[in-house]
There are 2 protein chains.
Amino acid sequence: MGITIRDVARAAGVSAAAASTALSGAKGASTRVSPETRRRIADKARELGYVPHPHARSLATRRAGALGLVFPYVQAFADQNPFCNGIMVGVLEEAISEHQNLMLFTAAAEDGETPVDGVIVSPRVDGLILVLPRPGSSVLEHCKAKRFPCVTVVHQTEDPEECSINADDFRGGRLATEHLIALGHRRIAHLMGSQHISSSAPRRLGYETAMADAGLPVEPPMLVQAGFDWADGTRGLERLLELPPKERPTAVFAANDLCAVGMLRRMHALGLRAPDDFAVVGYDDTWLAETANPPLTSVRMPIREMGMAATRMLIARLKGDPISERQPVLPVSLTVRKSTNAIHRDAPRSGDPQVASVEEDRSSQRDH
Amino acid sequence: MGITIRDVARAAGVSAAAASTALSGAKGASTRVSPETRRRIADKARELGYVPHPHARSLATRRAGALGLVFPYVQAFADQNPFCNGIMVGVLEEAISEHQNLMLFTAAAEDGETPVDGVIVSPRVDGLILVLPRPGSSVLEHCKAKRFPCVTVVHQTEDPEECSINADDFRGGRLATEHLIALGHRRIAHLMGSQHISSSAPRRLGYETAMADAGLPVEPPMLVQAGFDWADGTRGLERLLELPPKERPTAVFAANDLCAVGMLRRMHALGLRAPDDFAVVGYDDTWLAETANPPLTSVRMPIREMGMAATRMLIARLKGDPISERQPVLPVSLTVRKSTNAIHRDAPRSGDPQVASVEEDRSSQRDH
DNA sequence: GTGAAAGCGCTAACAC
DNA sequence: GTGTTAGCGCTTTCAC
């Protein structure tokens with residue numbers, strides 16, 4: 001805002017170059033400055049309230065000193081999506097501690113064209129963190145074509161070169177399912193996530209693997225195409241209730257917390273209770289899970305850590321540091337709450353009788 | 001990333017200056033370019049994939065083309081705070097539509113010193129949006145001292161020059177209280193927000209005004225110093241339960257949804273029910289209110305709109321447009337849900353008998 | 001209508 | 001150790 005390095009230099013009776021090297025701590029600079037002069041310059045700078053112009057510096061050093069964080073769309077931040085929030089916290093924390101500034105972008109199309117090319121992938125930032133829940137992103141292609149440094153988050157890729165942070169979706173699906181199996185459930189349904197989101201498939205695979213490992217069949221009606229929304233849980237439940245009582249599941253692994261809560265609420269409205277009528281597991285372990293009624297068992301992803309990991313990896317790339325693991329898969333865990341925690345009564349028995357007895361339970365609960 | 005305006009100029013057989021004016025649409029530029037040349041330049045630019053270097057441009061034009069959004073601390077983004085989220089959505093949406101980039105900062109102290117001075121208030125951005133829930137901010141002082149353009153959000157100020165977006169906290173407190181009064185409640189408590197947050201006082205004043213207008217007394221035990229956290233609601237309830245039954249309130253206006261839900265959960269644990277034992281009103285109308293058990297009546301602030309308004313005002317200031325209203329107060333509303341919606345039984349009666357009958361209700365509910 | 005020249009504020013190379 | 005010089009990529013007078 002007015003006061004430049006030349007003003008400082010003049011005040012300290014040195015050249016601009018001397019001031020520059022003195023102030024920017026330059027280690028490898030060829031222009032050396034005596035400790036005493038350095039002190040004088042620093043004093044004057046503080047005195048004058050000098051603050052370097054970041055863009056001028058960027059222009060000269062060819063480094064922006066800023067990172068970009070790209071979300072798929074603006075509404076990604078809407079209240080209902082704690083995931084984006086968590087990623088942002090992680091990224092911001094790490095960026096700050098590494099003295100990098102953070103710019104926020106969305107890859108939302110404007111007039112049908114992604115503004116990405118010129119706006120995002122530019123020397124405005126040194127690198128990008130791309131949150132890409134669905135495959136096929138023009139931003140990413142652009143980055144790769146231009147060899148612009150970037151790290152993706154929740155992006156399924158086949159490119160071994162790509163730097164990508166993921167959570168262990170397969171394991172998450174498996175964990176949820178194994179938990180239900182351990183409680184004695186045999187008929188377990190899965191309300192699957194949207195097909196356009198890449199994490200849906202591995203979670204489903206985890207579910208199927210757990211079932212297979214336990215020697216349990218997965219009949220087609222147990223796989224319900226749902227989604228990540230409230231309403232998907234409601235519809236999913238209705239789909240399950242259309243089945244003849246004997247064929248209904250006793251437990252459900254939902255696409256995420258929102259979906260699970262949608263289901264729980266509909267259950268509530270119909271006089272059904274978890275875990276007695278259906279045991280329910282969610283995904284994400286947001287505080288939606290904590291506050292649900294009953295509190296919801298849910299798979300937890302280390303969201304904030306994912307943001308931090310992405311940022312660290314990006315910065316390492318920018319520094320040219322070696323990257324040990326280009327596509328780390330962060331561990332998930334299961335938080336058990338009341339929506340599943342009762343041992344399913346008929347655990348030791350097998351097959352049909354169990355279903356019937358569950359039906360009895362249901363009627364006895366309903367009037368409660 | 002390599003390709004400069006000179007490359008474009010050379011390719012089109014013109015000077016860099018011509019290319020510059022042609023490409024940046026320059027209206028008032030003295031360097032005119034014929035429509036035909038202009039087209040040729042534009043074509044070449046596209047062909048070469050030219051994208052102007054934003055920092056070089058900023059340096060020359062002295063405008064950064066970016067806005068800064070400052071939150072008080074990193075954890076402001078934690079899952080539990082949909083407010084920051086909402087503000088961000090609003091700001092981001094508006095910034096994008098105005099072709100401004102957005103940088104994210106926190107005013108968190110690092111090593112006890114705010115990094116603000118040099119980092120945030122700098123030509124890196126053209127102006128700042130400061131979310132300042134508590135009075136006294138060094139960033140803000142800094143901005144004012146340097147006449148750096150900024151707009152505050154949720155900041156109580158006495159400076160008529162300050163641009164500041166607020167919600168009508170007074171009206172919010174009043175609305176909540178009037179609603180409870182209309183339902184027949186006479187003993188209404190207020191779990192007050194933290195004293196360090198500037199919105200607490202006007203909300204309390206709204207509560208007191210509504211009570212006074214209805215001719216209802218506010219006895220000291222009805223004003224409980226709580227806060228914006230879960231635990232504050234729990235503690236608040238316990239404080240109220242310490243009162244002799246006859247002196248307890250029949251309704252509570254809580255500092256915010258989190259506080260209200262903390263209270264509701266504790267009530268639940270103690271076998272108490274809303275609205276029968278205590279009618280409860282929250283604040284913010286987050287989806288915490290929607291999902292609460294029972295769903296929570298809450299005062300809604302137009303959070304996203306506040307973010308948008310702040311951004312619009314900042315941009316107007318930067319453009320030098322006249323600003324009609326420097327400190328707009330955005331309207332709030334009340335979303336009524338089950339935590340209050342029953343008419344209080346003893347509405348027509350008065351005073352003590354009512355309290356007694358509530359006590360009876362309580363015991364009948366407890367064993368349910 | 002177009003080009004040459006100067007400069008935004010900073011850093012990096014090189015000479016002394 | 002320190003100063004001089006030459007850009008980083010762009011815009012903007014001003015002369016032609």
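Among residues two or more places apart in sequence or in another chain, the side-chain hydrogen bond (donor to acceptor under 3.5 Å, both in side chains) test is passed with A:Glu305 by none.
The CD atom of A:Gln327 lies 8.5 Å from the CE atom of A:Met313; values are rounded to the nearest 0.5 Å. The structure places CD1 of A:Ile165 at 12.0 Å from CG of A:Leu130, a figure rounded to the nearest 0.5 Å.
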Distance-only donor-acceptor pairs under 3.5 Å for side chains of residues 155-162 of chain B, two or more places apart:
from, atom 1, to, atom 2, distance (Å)
B:His155, ND1, B:Glu162, OE2, 2.8
B:Thr157, OG1, B:Asp159, N, 3.0
B:Thr157, OG1, B:Glu162, OE1, 2.8
B:Asp159, OD1, B:Glu161, N, 2.7
B:Asp159, OD2, B:Lys144, NZ, 3.0
B:Glu162, OE1, B:Lys144, NZ, 2.7
B:Glu162, OE2, B:Thr152, OG1, 2.8

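Where B:Val14 and A:Ala19 each meet DNA chain C at their nearest nucleotide, the meeting point lying more 5' is that of B:Val14.
B:Ser58 comes within 4.0 angstrom of no nucleic acid atom, judged by non-hydrogen atoms across all strands.
In this structure a side-chain-to-backbone donor-acceptor pair under 3.5 Å is present from A:Ser58 to A:Pro54.
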Nucleotides 7-10 of chain D: which of its N/O atoms have a protein N/O under 3.5 Å away?
from, atom 1, to, atom 2, distance (Å)
D:dC8, O3', A:Arg62, NH2, 3.0
D:dC8, O2, A:Ala60, N, 3.3
D:dG9, OP1, A:Arg62, NH2, 2.9
D:dG9, N2, B:Ala56, O, 3.2
D:dC10, OP1, B:Tyr50, OH, 2.7
D:dC10, OP1, B:His53, N, 3.1
D:dC10, OP2, B:Ile5, N, 2.5

